[in-house]
Peer 1: 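Sharing a structure, written as structure tokens. Questions coming.
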Amino acid sequence: MRTDLRSYEERVYSQGGEDGVIRRIFERIGITNRYFVEFGAWDGQHLSNTANLRLHHGWSGLLLDCDGGRRDDSLVQPGVVTPENVNQVFAGHSVPRAFDLWSLDVDGHEYWIWQALDYRPRVVVIEYNIFFGLDVARTIAYQPNYEWDKSSYHGASLAALVKLARAKGYALVHTDSYTPNAFFIADEALPSEWRDLTIEQVAAWRYEGVPTDTRKRPWVRV
């Protein structure tokens, strides 16, 4: 599936090739309720992984962003998502317990938020920190008042997210060539012919070691 998805990368509204990959994934696994959730949604269109679905394919869902300066409140809901409140946010917006797509890009606690989530998206698109070796499973420490300072101290390594995904019953199927987004499919939604791929087969970005410009803040091994 790696070569197949790489060839389908296409940008409509997304930052990189996510739009085309998402379209191809749902061609392969089918669509259920056409519902999405996108955290880090900007204005609902700029660099969005869901705008193409919403504007051209009849999907709907929850768009949420913490930055009021770039947000249209009639479309994108204000709010900050944390591990403590993520399930309450879903419930408060009547998100279905199972739905088609979750896109998560909050520049920080992606690992901890996904770990805490009790809902079951069929496909997860999640930003990861590319500046790790592929065998290094680490994430930033959870800090309630964390804000990204544009350093490489943010998010989680691909290996960390893969370990979490396996524990939650998801398979890594793709990483975008241009942007640091990883794509996971729930085990029950995978095509019958699916065979697991290694990180080395899927990873588009290849660094060694651990990011160093952390200002002495800790990484957590997972």
Side-chain angles (χ1 to χ4, degrees), residues 1-32 34-65 70 76 99-108 110-111 114 121-132 134 148 152 154-162 164-165 170-186 189-191 193-207:
M1 184 181 280
R2 176 181 184 272
T3 302
D4 176 40
L5 291 176
R6 188 76 67 215
S7 68
Y8 278 88
E9 288 184 358
E10 179 186 12
R11 179 180 185 272
V12 183
Y13 298 98
S14 58
Q15 185 175 8
E18 297 92 336
D19 284 329
V21 172
I22 289 168
R23 184 189 71 247
R24 180 56 176 166
I25 284 175
F26 284 103
E27 286 175 354
R28 294 288 300 275
I29 71 172
I31 298 169
T32 60
R34 295 182 185 270
Y35 194 93
F36 60 74
V37 174
E38 184 166 16
F39 292 163
W42 287 72
D43 62 359
Q45 184 166 317
H46 178 63
L47 305 183
S48 172
N49 289 336
T50 63
N52 185 47
L53 301 174
R54 177 176 57 84
L55 295 172
H56 302 299
H57 298 281
W59 287 50
S60 63
L62 170 62
L63 299 169
L64 188 143
D65 196 273
R70 65 187 182 207
V76 182
F99 60 98
D100 278 321
L101 175 66
W102 185 32
S103 177
L104 178 60
D105 176 3
V106 294
D107 296 325
E110 283 86 352
Y111 178 94
W114 192 13
R122 297 172 71 233
V123 176
V124 176
V125 182
I126 186 167
E127 186 178 64
Y128 66 99
N129 188 323
I130 63 174
F131 300 110
F132 283 94
L134 297 181
W148 184 38
S152 61
H154 63 88
S157 67
L158 183 59
L161 293 174
V162 168
L164 178 60
Y170 288 80
L172 174 68
V173 299
H174 184 66
T175 64
D176 192 79
S177 299
Y178 178 71
T179 56
N181 276 310
F183 296 73
F184 298 89
I185 299 178
L190 287 166
E193 72 274 14
W194 171 257
R195 297 294 180 269
D196 283 344
L197 300 172
T198 66
I199 293 180
E200 289 76 15
Q201 288 176 297
V202 178
W205 301 78
R206 300 187 181 252
Y207 289 84

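Since we're looking at a predicted model, the values are computed, not measured.
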Peer 1: Using atom types as modelled, flag every donor-acceptor pair under 3.5 Å from a side chain in residues 54-63 to any protein atom, sequence neighbours excluded.
Peer 2:
from	atom 1	to	atom 2	distance (Å)
Arg54	NH2	Gly44	O	2.9
His56	NE2	Tyr13	OH	3.1

Peer 1: Output yes when Arg122 and Asp100 qualify as a salt bridge under the 4.0 Å nitrogen-oxygen rule, no when they do not.
Peer 2: yes

Peer 1: Can you see which heavy atom on Gly16 is nearest to which on Asp176, and at what distance?
Peer 2: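 Here Gly16 and Asp176 meet closest at CA-OD2, 3.9 Å.
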
Peer 1: Sequence neighbours left out, what passes ring-ring contact (aromatic ring centres under 6.0 Å, His included) with Tyr128? Give chain and number order.
Peer 2: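 Testing Tyr128 for ring-ring contact (aromatic ring centres under 6.0 Å, His included), a comparison that skips the adjacent residues, returns none.
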
Peer 1: Whether the side chain of Arg206 engages the backbone of Glu200 through a donor-acceptor N/O pair (distance < 3.5 Å, no angle test) should be reported.
Peer 2: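 Looks like yes, one N/O pair under 3.5 Å.
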
Peer 1: State the NE2-CG distance between His174 and Leu197, to the nearest 0.5 angstrom.
Peer 2: 11.5 Å

Peer 1: Within this structure, what is the CD-CG distance for the pair Glu127 and Leu104, rounded to the nearest 0.5 Å?
Peer 2: 9.0 Å

Peer 1: State, with a plain yes or no, whether a side-chain heavy atom of Val202 is found less than 4.5 Å away from one of Val173.
Peer 2: no

Peer 1: Restricting to non-hydrogen atoms, name the atom on Pro121 and the atom on Ala186 that form the minimum distance, rounded to 0.1 Å.
Peer 2: O-CB, 4.1 Å

Peer 1: Do the non-hydrogen side-chain atoms of Phe26 and Val123 ever get within less than 4.5 Å of each other?
Peer 2: yes

Peer 1: Which heavy atom in Ser177 sits nearest to a heavy atom in Ala204, and how many Å separate them?
Peer 2: CA-CB, 4.0 Å

Peer 1: Find the distance between CG (Leu172) and CG (Asp196) and round it off to the nearest 0.5 Å.
Peer 2: 9.5 Å

Peer 1: Can you find a pair of side-chain heavy atoms, one from Ile126 and one from Asp105, that are under 4.5 Å apart?
Peer 2: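 No; the side chains remain at least 4.5 Å from each other.
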
Peer 1: Would you mind telling me which of Gln15, Arg11, Glu18 makes a side-chain hydrogen bond (donor to acceptor under 3.5 Å, both in side chains) with Thr179?
Peer 2: Glu18

Peer 1: Please find the pair of heavy atoms, one from Asp4 and one from Tyr8, that lie closest to each other, and give the distance.
Peer 2: O-CD1, 2.9 Å

Peer 1: Specify the closest pair of heavy atoms between Ala41 and Val76, including all atoms of both residues, with the distance to one decimal.
Peer 2: CB-CG1, 4.2 Å

Peer 1: Do the non-hydrogen side-chain atoms of Arg34 and Leu53 ever get within less than 4.5 Å of each other?
Peer 2: no

Peer 1: I'd like to know whether the aromatic ring centres of Phe184 and Trp114 sit less than 6.0 Å apart in this structure.
Peer 2: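 Here the rings of Trp114 and Phe184 have centres that are less than 6.0 Å from each other.
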
Peer 1: Check whether any side-chain heavy atom of Ile22 sits under 4.5 Å from a side-chain heavy atom of Asn49, and report yes or no.
Peer 2: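 Yes - at least one pair of side-chain heavy atoms lies under 4.5 Å apart.
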
Peer 1: For Tyr111 and Leu164, what are the C-alpha separation, side-chain angles and deciding distance, and is it a side chain to side chain contact (heavy atoms under 4.5 Å, CB included)?
Peer 2: CA-CA 8 Å; Tyr111 178 94; Leu164 178 60; 3.7 Å; yes

Peer 1: Do you know which of Leu5, Ile130, Asn181, Leu158 makes side chain to side chain contact (heavy atoms under 4.5 Å, CB included) with Thr175?
Peer 2: Leu158

Peer 1: Using 0.5 Å steps for rounding, measure from the CZ atom of Phe99 to the CZ atom of Phe36.
Peer 2: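 Taking CZ in Phe99 and CZ in Phe36, the distance rounds to 11.0 Å.
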
Peer 1: To the nearest 0.5 Å, what is the distance between CZ on Phe183 and CG on Leu101?
Peer 2: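 The CZ atom of Phe183 sits 9.0 Å away from the CG atom of Leu101.
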
Peer 1: When you measure from the side chain of Ser14 to the backbone N and O of Asp19, does any donor-acceptor pair fall under 3.5 Å?
Peer 2: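 Judged by distance alone, yes, a pair lies under 3.5 Å.
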
Peer 1: Can you check side chain to side chain contact (heavy atoms under 4.5 Å, CB included) on His46 and Asp43, steps first, answer last?
Peer 2: CA-CA 6 Å; His46 178 63; Asp43 62 359; 3.4 Å; yes

Peer 1: For Tyr207 and Trp205, take the angle between the two ring planes, folded into 0 to 90°, and tell me which bin it lands in: parallel under 30, tilted 30 to 60, perpendicular over 60.
Peer 2: parallel

Peer 1: Determine whether a donor-acceptor pair (N or O, by modelled atom type, separation under 3.5 Å) exists between the side chain of Glu110 and the backbone of Gly108.
Peer 2: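 Yes; judged by distance alone, with no hydrogens or angles, the pair exists.
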
Peer 1: What are the two closest non-hydrogen atoms of Leu134 and Ala159, and how far apart are they?
Peer 2: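 Result for this residue pair: O-CB, 3.4 Å.
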
Peer 1: Is the closest side-chain heavy-atom distance between Val37 and Ser103 below 4.5 Å?
Peer 2: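 Side-chain contact under 4.5 Å: no.
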
Peer 1: State, yes or no, whether a side-chain contact exists between Glu9 and Arg24 at a heavy-atom distance under 4.5 Å.
Peer 2: no

Peer 1: Taking the side chain as every heavy atom from C-beta outward, state whether Ser157 and Asn129 have any pair of such atoms under 4.5 Å apart.
Peer 2: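 A side-chain contact is absent here, since even the closest heavy-atom pair is not under 4.5 Å.
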
